[in-house]
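Working notes for the structure below.
Hydrogens, waters and symmetry mates are skipped; everything else that's a heavy atom, side chains included, is used. Residue numbers count from 1 along this sequence.
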Amino acid sequence: MSFGIKPLGDRVVVKKMEAIEKTAGGIVLAGAAKEQPQMSEVVAVGPGTKDVKMEVKVGDKVISSQYAGTDVKYEGEDYSILNQKDILATVQ
């Protein structure tokens with residue numbers, strides 16, 4: 001699959017996963033009270049640099065720093081572009 005945003009260097013494009021709308025007890029949350037997701041899916045990966053080897057790949061689910069990256073809107077969808085160093089972990 002070809003994606004229209006091609007990150008440069010050690011940058012990664014991610015799509016944030018949906019916010020939780022209901023608590024475990026079944027309470028439906030209002031918009032402002034929804035838990036903001038820090039988990040995202042990688043949709044594009046840069047080539048890396050001579051000093052930074054890319055450790056994530058397209059399709060990986062990752063957890064990133066809360067305020068990391070630059071938010072962009074592309075073809076009606078919201079994405080974030082962030083440096084690989086802002087990714088804290090991958091989710092199995």
Side-chain angles (χ1 to χ4, degrees):
M1 175 181 122
S2 179
F3 182 67
I5 300 174
K6 182 178 178 186
L8 303 175
D10 64 342
R11 291 181 181 84
V12 177
V13 180
V14 297
K15 181 169 177 49
K16 291 187 178 175
M17 301 176 93
E18 295 297 318
I20 297 172
E21 296 182 16
K22 194 186 308 184
T23 66
I27 298 171
V28 177
L29 300 173
K34 291 180 186 175
E35 182 177 324
Q36 294 301 313
Q38 291 179 3
M39 191 178 307
S40 306
E41 182 175 356
V42 176
V43 295
V45 177
T49 66
K50 67 178 186 172
D51 298 323
V52 179
K53 176 181 175 259
M54 298 307 287
E55 297 182 40
V56 296
K57 62 188 180 310
V58 173
D60 282 354
K61 296 205 178 1
V62 297
I63 298 172
S64 60
S65 298
Q66 187 171 6
Y67 299 108
T70 301
D71 294 332
V72 295
K73 188 176 264 311
Y74 179 74
E75 293 185 348
E77 297 286 334
D78 292 322
Y79 299 95
S80 289
I81 301 173
L82 48 111
N83 290 316
Q84 179 176 249
K85 69 180 180 183
D86 293 324
I87 296 174
L88 305 174
T90 58
V91 179
Q92 300 298 320

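- Not counting sequence neighbours, the partners of Asp78 by the side-chain contact (heavy atoms from CB on, under 4.5 Å) test are Lys73.
- Ser80 meets the side-chain hydrogen bond (donor to acceptor under 3.5 Å, both in side chains) test with Asp71; sequence neighbours excluded.
- Residues Val72 and Val13 are members of one and the same hydrophobic cluster, defined by side-chain heavy-atom contacts under 4.5 angstrom among Ile, Leu, Val, Met, Phe, Trp and Tyr.
- Separating the CG atom in Asp10 from the CG atom in Asn83 is a distance of 5.0 Å, to the nearest 0.5 Å.
- In this structure, Leu8 stands alone, with no Ile, Leu, Val, Met, Phe, Trp or Tyr side-chain heavy atom under 4.5 Å from its own, directly or through other members.
- A search for side-chain contact (heavy atoms from CB on, under 4.5 Å) contacts involving Glu77 returns Lys15, Tyr79, not counting sequence neighbours.
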Please table the atom pairs, donor to acceptor, closer than 3.5 Å between any side-chain atom in residues 53-60 and protein atoms at least two apart or in another chain.
residue	atom	partner	partner atom	Å
Lys57	NZ	Asp60	OD1	3.0
Asp60	OD2	Lys57	N	3.0

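- The cluster map of Ile, Leu, Val, Met, Phe, Trp and Tyr, joined by side-chain heavy atoms under 4.5 Å apart, puts Ile81 and Tyr74 in the same cluster.
- Sorted pairs that involve residues 82-92 and meet salt bridge (Lys or Arg N to Asp or Glu O under 4.0 Å), not counting sequence neighbours, are lacking altogether.
- In the hydrophobic clustering (ILVMFWY side chains linked at under 4.5 Å, chained through shared members), Tyr67 stands by itself.
- For Lys61, the side-chain contact (heavy atoms from CB on, under 4.5 Å) partners are Met17, Glu41, Val91, not counting sequence neighbours.
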Sequence neighbours excluded and cut-off under 3.5 Å, please list the side-chain donor-acceptor pairs for residues 44-52, or say none.
residue	atom	partner	partner atom	Å
Thr49	OG1	Asp51	N	3.3
Thr49	OG1	Val52	N	2.9

